[in-house]
Structures are given as structure tokens and as C-alpha cells.
Amino acid sequence: MWGGRFSKPADINLRALNDSLRFDQRMVMQDIAGSIAYVKAITTANILTEDEASKIIQGLELVKSEFENNSFEFKPNDEDIHTAVERRLIELVGDVGGKLHTGRSRNDQVATDFRLWTKQAIDDLDRLLMTLQQTIIQQSEAHIETLMPGYTHLQPAQPITVAHWLMSFFWMIMRDRERLQDAKKRVDVMPLGSGALAGTPLQLDRRGLADDLGFAMISPNSLDAVSDRDFVAETLFCLSLIGTHLSRLGEDIILYSNPSFGYIVLDDRYSTGSSLMPQKRNADPMELARGKAGRLIGHLAGILTTLKGLPSGYNKDLQEDKEALFDAFDTLNVLLPVVTGVIQTLTINVEAMRAALHEDLLATDLADYLVHKGLPFRQAHHVVGQLVQIAAQKQISLSQLAMEQFKAVSSLFDSDVYEWFNFDAAVRRRSAFGGTAPDAVKEQIKFAKSLVSLAQ
Ligand code: ARG
């Protein structure tokens with residue numbers, strides 16, 4: 001495609017390094033769609049006759065059908081998908097096919113193809129994310145009243161409901177989806193018509209071309225358009241954060257399914273065993289969720305590093321953009337259905353969770369009791385701290401302390417204090433919107449359902 005000024009073919013090892021066909025052929029449909037729209041646009045600009053245009057379009061349709069029925073044959077000289085399609089077009093329609101690339105560069109072509117591909121990939125991923133959200137809602141609805149210890153610093157903190165724990169991940173994914181939609185606005189910009197860097201001398205109706213290809217905007221600066229990979233970095237960030245959220249969910253599930261916790265059991269279909277230890281029941285899928293986050297973040301760090309030193313205009317370094325983004329989407333497309341399956345088939349061990357609720361988790365409520373009686377919270381915190389210490393020394397639980405022992409630390413205590421040792425009541429008291437009380441969680445889920453098109 002560019003051999004005119006050379007007298008020797010490229011070195012075979014250079015070809016292995018330089019050629020991108022191996023991975024960029026997955027953009028073939030975007031490449032052909034881009035070319036068909038481009039033919040129409042340059043015909044309107046009087047570069048092609050109607051007859052030439054229809055020959056080229058027919059040829060491109062033929063190339064497309066060869067890909068669809070797997071009969072397209074790559075040739076050793078095909079450097080990337082763009083040159084492969086054009087080479088085959090010229091074989092099929094003759095020299096007129098050589099007019100397709102008039103005023104176009106692979107620089108604006110590849111950026112256009114990759115943006116088309118990314119828009120579709122975002123939409124496909126969004127569906128998988130929404131399915132996971134729906135599954136989280138379903139599992140939560142079954143456990144609105146189920147109590148478990150909530151943690152800070154991984155130390156037992158206060159009782160919460162299982163629904164509240166699970167739903168926390170719903171909101172992370174909600175933000176991930178919103179972030180992807182926002183990033184998509186900046187993907188949805190057409191570089192075509194930028195030429196190699198300086199723009200096109202043709203009277204191209206770029207706006208019409210963008211409409212034809214389904215782009216919301218056209219790039220306002222040709223130099224920026226051919227070298228801008230912000231959209232790749234930004235999309236990789238969105239995917240990395242999704243990976244990070246799935247990793248945190250994974251960590252919870254790994255811990256809670258550990259027999260020392262025993263809160264949840266992964267279904268057999270989503271558990272793995274050991275080749276040596278017959279008793280083992282491992283949460284491999286969630287360990288992989290945790291592991292894949294590292295891979296995704298690696299791709300993000302990679303593209304930023306690639307971009308940071310680049311001079312203006314297209315540089316071949318930019319070809320590194322595709323494998324990173326393809327792999328990031330591929331990774332999540334495999335991972336998400338598995339995570340969804342894990343959540344869907346999870347067994348919640350209601351009794352084990354309840355048994356893990358130690359009375360210490362009500363210490364904050366005991367302080368609230370004193371606050372109700374008029375004590376400033378700081379003092380209440382101190383008084384209850386003393387009670388916790390006394391109970392620990394006597395190796396009894398807080399409610400086993402006698403009335404005199406309560407009175408000894410604060411005269412505000414009365415016999416009604418014993419009614420406060422109630423986990424369900426403690427949870428029900430957190431009833432402001434956003435809290436863990438079953439009524440508040442029901443409101444939360446109602447709101448969540450309105451965002452993911454589930455019947456309320
Ligand atoms: N395969 C190249 C890429 O993915 C296409 C653009 C090539 N442009 C160039 N000036 N060599 O970036």
C-alpha cells in the first residue's frame with residue numbers, strides 16, 4: 001500500500017512487529033461500514049461518479065459477505081485490516097477500487113473504526129452490567145430481614161441486613177454504568193475527514209458523513225483527531241473501576257464463604273475443588289474477579305504511559321491502543337456472567353450470620369440509649385466503653401451485667417436498658433433513607449428498580 005518509495009520489501013521481523021492484522025481484524029465490519037459511508041460522501045463531493053461509487057460499494061458488500069461466510073482469505077502482505085479490505089476490494093472491482101482512499105488516511109480511518117467498535121462494546125457491556133444489577137436486586141429482596149454483622153476495619157461494627165450489604169454493590173455498578181455512558185459521549189466523535197493530520201482538501205460534508213455512521217459529533221481539529229486516544233484511556237478507566245468493584249465484591253464473598261465465617265455457600269456450579277485436599281471448596285470465580293482487576297488496571301496504566309511522551313500527530317505507538325481495550329472488554333465480558341451466576345445461586349446461611357452477631361455490636365445503640373436520656377454523645381461513648389471493658393474482664397456479655405453495674409457507671413441507666421439488647425430493633429432504628437432498616441432498604445430497592453427497568 002505504501003511501497004512506491006522503497007526498493008526493498010520490509011524485513012520479516014519488522015513485519016511481525018509492525019503488522020496489526022492479527023488483532024485489528026475484529027474491526028472489519030466497522031472498517032467496511034466506514035468505507036461505504038466514505039464512498040457516498042466523496043461521491044457527493046464529485047470525486048467519484050455514481051457508476052464508480054456503486055462499483056466500489058458493491059465490491060465492499062462482497063468483501064463483507066466473504067467475512068460473514070468465512071471465505072475471506074488474508075494475504076501475506078496484508079498489514080492491517082484496512083489494507084486487507086482495500087487490497088481485496090481492488091482484486092474484486094479492479095483499479096476503480098483504488099479511488100476509495102482518496103483524501104483519506106489510515107490515521108483518520110483507524111480512529112473512526114476504533115471509535116465505532118468501542119461505542120458498540122460499551123452498549124454490550126452495559127447490558128451485562130444491568131443484568132448483574134437485576135440479580136443483586138433479586139437476591140437482596142430475599143434477604144431484607146436477614147441480619148449479618150457489618151464491618152469497619154474488617155472488625156465487627158454494627159448489625160446490618162444482607163440486602164443492604166448486597167445493594168451497596170448495586171450502586172457501585174450504577175455509577176459505573178453512568179460513567180460509561182458519559183465516556184461514550186467522547187467516544188461518539190467522528191475523526192473521518194481529518195486526513196493524515198492536516199484535514200481534507202475535498203468538499204466533504206463531514207456532518208452528513210457522521211450522520212450516516214451514527215456519530216453524534218465531528219472532530220473540530222484534524223491534528224487532535226488522528227492522535228487523540230483519550231477515549232481509550234477513559235474507557236479503560238471505566239473498565240478498571242468496574243473491575244475494582246467486582247474485585248471488592250469478590251473479596252467479601254471469599255471471606256464470607258470461608259468456613260471461619262460460614263455466612264454464604266457458593267453453588268457447586270460456581271465452586272472449585274482441590275486436586276489434593278478432598279474437603280476444599282474454593283471461590284475461584286471471585287478470586288479471578290479480584291485477579292482480573294489487576295489486569296484491567298495494567299491496561300489503563302499501559303495506555304497512559306504510551307500516550308504521555310508522544311509528539312503531536314499520529315505515531316505508531318498508538319497502535320498499542322487496541323489490544324489493551326479489546327482485552328479489557330473481553331475480560332469483563334467473560335467475568336460478568338460468572339459473577340452474576342455466583343450472586344444468583346448464592347446460599348445465604350441465615351443462622352450462621354445471626355450467630356455471628358455479638359452483643360458488642362450494640363454498643364453504639366447503648367450509647368444512643370444514654371443520648372435519649374440526655375447525655376451528650378461523647379460522654380455516652382465513654383460510659384459504654386467502660387461497660388464493654390467491665391464485661392470483657394468478667395467474660396460476660398453486656399446484657400449479663402447487673403443493674404447495679406450499669407448504675408455504677410451512669411445513674412441514667414434504668415431497667416429498660418435490657419430492652420435495647422435487640423439486634424432487629426437496632427437495625428430497624430436505622431430507618432432514614434439510605435439506612436439498613438428493612439423499610440429503608442425497601443425504599444432503596446424501589447428506587448433501584450426504577451433505574452434498571454424492573455417491575456416495582
Ligand atoms: N494499524 C495502524 C494502527 O492501528 C493503522 C494506522 C496506520 N497509520 C500509519 N500512518 N502507519 O494504528
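Note that the structure is predicted; figures quoted are calculated from it, not measured. Atoms within each ligand, like the ligands themselves, are counted from 1 in listed order.
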Check: Tyr263 ring centroid to Trp165 ring centroid under 6.0 Å: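 No, ring centres 6.0 Å or more apart.
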Would the number of heavy atoms belonging to other residues, nucleotides or ligands and lying under 6.0 Å from CG of Leu14 be above 12?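 Atom CG in Leu14 is packed in, count exceeds 12.
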Tabulate distances under 3.5 Å between N/O atoms of ligand 1 and N/O atoms of the protein, writing both atom names on each line.
| residue | atom | partner | partner atom | Å |
| --- | --- | --- | --- | --- |
| ligand 1 | 1 (N) | Ser20 | OG | 3.1 |
| ligand 1 | 1 (N) | Asp80 | OD2 | 3.0 |
| ligand 1 | 1 (N) | Gln319 | OE1 | 2.7 |
| ligand 1 | 4 (O) | Lys322 | NZ | 2.7 |
| ligand 1 | 8 (N) | Asn107 | OD1 | 2.9 |
| ligand 1 | 10 (N) | Asn107 | OD1 | 3.0 |
| ligand 1 | 12 (O) | Tyr314 | OH | 2.5 |

With sequence neighbours left out, what residues match Glu287 under salt bridge (Lys or Arg N to Asp or Glu O under 4.0 Å)?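 Glu287: no salt bridge (Lys or Arg N to Asp or Glu O under 4.0 Å) contacts found.
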Would Lys119 count as a cation-pi partner of Phe215, with NZ or CZ less than 6.0 Å from the six-membered ring centre and within 45° of the ring normal?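 Yes, a cation-pi geometry holds between Lys119 and Phe215.
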Would you call Arg88-Asp78 a salt bridge at under 4.0 Å N-O?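 No, no charged N to carboxylate O under 4.0 Å.
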Start with the C-alpha gap between Asp228 and Arg115, add the side-chain angles, then the distance that decides, and say whether salt bridge (Lys or Arg N to Asp or Glu O under 4.0 Å) holds. CA-CA 11 Å; Asp228 168 20; Arg115 283 171 181 270; 2.9 Å; yes
